[in-house]
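Data block below; observations after.
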Amino acid sequence: MAIDQGYLPVLNTRDDYVDWLEGYSLPTVDELRAQRSTRKPVKTYMLETVRNGSARQELANSFPSRIQMERLDDNLYRVHDSVHSERVVGLIETIDDRHPVFFTTLAVDESDRWVRQVVDRNPWLDRLWLSSPILFEIWQYIQRTTPSHRYVRLGFDHEAWYESSEEPDESDVDPSFDLDQDEDVSSLRMEHRRSRVHLTERLGVLEDKLPQLIKLYDPLQSLVQVQVPSGGRGGHMLYYDGKATNRSESFAEHRSTVELILRLYRTVTERAEEMLWVQTSEVGEEGFSVEGAPVLIEFANPLPASTFDRFINLGLQRKTSRFRIGGFVEQRGRTKVHVTAIDRHLWQPFLLEVTTRHILAVLPRGTCGNSVHRLVTNVQRFLDPAAKVWLGSESYSAAVSASMPAK
Amino acid sequence: MTAPAVLLSDQVFQINVLLWSLEELPDGRGPIEPVLRNAGYYLNSIGRRLTVPVAEKVRTTLRTAGIDDLMPTNPDLWLRHETDLVLPLIELKAHSFDPPSSNSRQASKMLVSSVDLASSVGTGKTSPGHLIYVTPAQESDAMLRTLSSLSANLTQAGATVAKFGVVGLSLDERGLSFARPSGTELPGPMAKALEGPAVVLKPPLEHDDIRPLYFIPWMPGIDDSQDSALRSDGLRELTARVLAQAIAIVGRSITPTNVAVRGDVLLTEATFGIFSKWRDNDRAKFVEAAHKVIVKALRGDSRVSVTGTLIEIDLPSTEAQDEVLKRLEDADPTDRRTNLEGSLGPQDRLFGDEVFGAKD
């Protein structure tokens, strides 16, 4: 049986592609005979286009020159990549004008690499960062809409990366996260708390037991994967870094699920930006006003001084930091720093106060709200799974909840 | 660590504490209690002009009191309240002052100009103001006596004066508090909020600095009165913000490209837009200093060309971009040879004295 590389065929219309992908998950006669599928599920990478000022780039200009985008209709592009001999590596659809999505059937290693190469060094593109409060809101949606006998899959991950007593000579690079993979090598040498938990259980059981489990074990507050059950079999696996895998029988339903997530994400992101952006405006003669509120992240328990030190040294000063924050650190005492910070992915400056008890961030006008979701996600994964977050005076979780479409 | 008395009298610290007290923050959480926001106040403006009313009686009374200068004043902060119609006008002072001082003339003008702010805000409706001086707590009784004396003199000369009050800043084991000296009058919601000492900045852990993040790291026109170490601190902070803006410009460019960096743009972005709104007597010197900070950080790099106030950086590849970023990120805002303070020189000042009023 030939190995399917996962390149898409060259088709010319949306309907052709939707029909092709709709039938893609169904096994071929050969596969049925062999009782295994060689087909890779459709992976969707939800992206953020970054304004970096007032206007967004033309979408095609946001991608490196190796990428050719052939427009099929107003919102759908066929994506050719010279690194892949100009073959079709996927489709990009601007489901909304801020958040294009990349649909691909490449093998997951290949598609993850593609996104890392195309997005992670690109200041005009970012992934969506589905923080735990956002994924818990999706979990609430699942509970409201899914029969209790259906199976649901949840994944939790917390690694107290900065808790280690080791000297901070390790790389702080974020290993690509996959709950199904073994731990990365450096982790085997480091001693610190690490929790990776998969739960696949009937919805009714999880509804009953999960709140108690979370109370007993706080790493379960760091939700990083949720599978939204399909109307038929399987479901749509959502990951914290904006990836979604179609494990259902329907591409159309998968796309609709992605659309739902994007509506939630856009609403909460724009709500945050409206509330948080610090800017000045002229008032009366010679006067001006300063508007905008900070982001407050309060740790459930104060960080030990050694953890705080490692976080400052590794998380905020290493260029390869998993927080991807750099800048100029001003020590304000033993356990307090002020940072003129730079988001080293989107290259947007902001201000941070970090102590053993909290992180306070002040974001200038134009800072992408995505940075807030990324910060929250990373704090919950690597510092404190039970940290509480406020956007101004509004709880982040409440802002997420209020942003759920058609609730 | 800065001595409490020095910190409390620092007007950069004062204005930032006031701004944080007006912020939207969760109740009882984090390092800051926004006591004025919780009492319903919000910021109307910084440095807005307060005009002396044209009414003959007002102007002749001021002249009788020996004040011929009828130029507008600029209270540091104008506040508004969600429901109360009284507008508090806040003036920050490092120390109290005596009635014969130059500050007294400014205070007298503010006292008569704040009675009705209609002419200053350009409305036909009566808009009562309430003048509030903020000083270190140990200065607040003296400040209140001075204001009372000025008010009595003006009243005796036939003027109607605005309500006035004093709020003291105190620092102790409870943190940084707003305190209301006995006998002072404050607008209703503020008086209620400050019935007891109202903690704005919670105490930090032992040996940590209580200073919050600064929205405004440096203020024009206070060089003569500001503690030199705090002034250096502010300019260091501003240097870091200028460098961060340059890093942002270079980092977000897509190579191959040329990017242009200008001192005035960096300063405006580094101050949330405030730089472009401040007065500019020495503005050019400061723009030049910001320009020098970047030029010094990139000195010797053949990809950089300087034409007048414009710094152009050629970025033919991501490798070139990474090298420029590294040089900017490796710059040291604390190095006086290359930071804003060093580039300004000891006598250089950015702005005029008028935006925040003359300072003691």
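All heavy atoms count here, side chains included; hydrogens, waters and symmetry mates do not. Just so it is clear: chains get the letters A, B, ... in the order the sequence lines come, proteins before strands, and each one is counted from 1.
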Heavy-atom pair of closest approach, residues [X] and [Y]:
X	Y	value
B:Pro31	A:Glu353	CG-OE2, 3.8 Å
B:Glu329	A:Trp347	OE2-CZ3, 4.4 Å
A:Pro123	B:Gly251	CG-O, 3.8 Å
B:Leu43	A:Val290	CD2-N, 3.5 Å
A:Pro294	B:Glu23	CD-OE1, 3.5 Å

What part of [X] lies closer than 4.5 angstrom to a heavy atom of chain A: side chain, backbone, both or neither?
X	answer
B:Tyr42	neither
B:Ile32	side chain
B:Asp233	side chain
B:Leu328	backbone
B:Asp322	side chain

*Is the shortest distance from a Lys or Arg side-chain nitrogen in A:Glu282 or B:Arg48 to a carboxylate oxygen in the other one below 4.0 Å?*
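So A:Glu282 does not pair with B:Arg48 through a salt bridge.
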
*asked:* With chain B as the partner, which of A:Gly333, A:Gly327, A:Pro302 has the greatest number of non-hydrogen pairs under 4.5 Å?
replied: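 It is A:Gly333.
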
*Does A:Ala293 offer a backbone N or O that forms a donor-acceptor pair with the side chain of B:Glu24 under 3.5 Å?*
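Judged by distance alone, no pair lies under 3.5 Å.
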
Side chain, backbone, both or neither: which part of [X] has a heavy atom under 4.5 Å from chain B?
X	value
A:Leu351	both
A:Ser281	backbone
A:Arg334	both
A:Ile297	neither

*Test B:Phe215 against A:Thr280 for side chain to side chain contact (heavy atoms under 4.5 Å, CB included), laying out the working first.*
CA-CA 11 Å; B:Phe215 293 100; A:Thr280 54; over 6 Å; no

*In terms of heavy-atom pairs under 4.5 Å, which option from B:Pro26, B:Ser45, B:Ser253 contacts chain A the most?*
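Counting heavy-atom pairs under 4.5 Å, the top option is B:Pro26.
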
*Please list, chain by chain and in numerical order, all residues satisfying salt bridge (Lys or Arg N to Asp or Glu O under 4.0 Å) with B:Asp209, sequence neighbours excluded.*
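In terms of salt bridge (Lys or Arg N to Asp or Glu O under 4.0 Å), with neighbours along the sequence ignored, B:Asp209 is linked to B:Arg211.
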
*What distance do B:Glu237 atom CD and A:Thr340 atom OG1 have between them, rounded to the nearest 0.5 Å?*
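Result: 4.5 Å between the selected atoms.
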
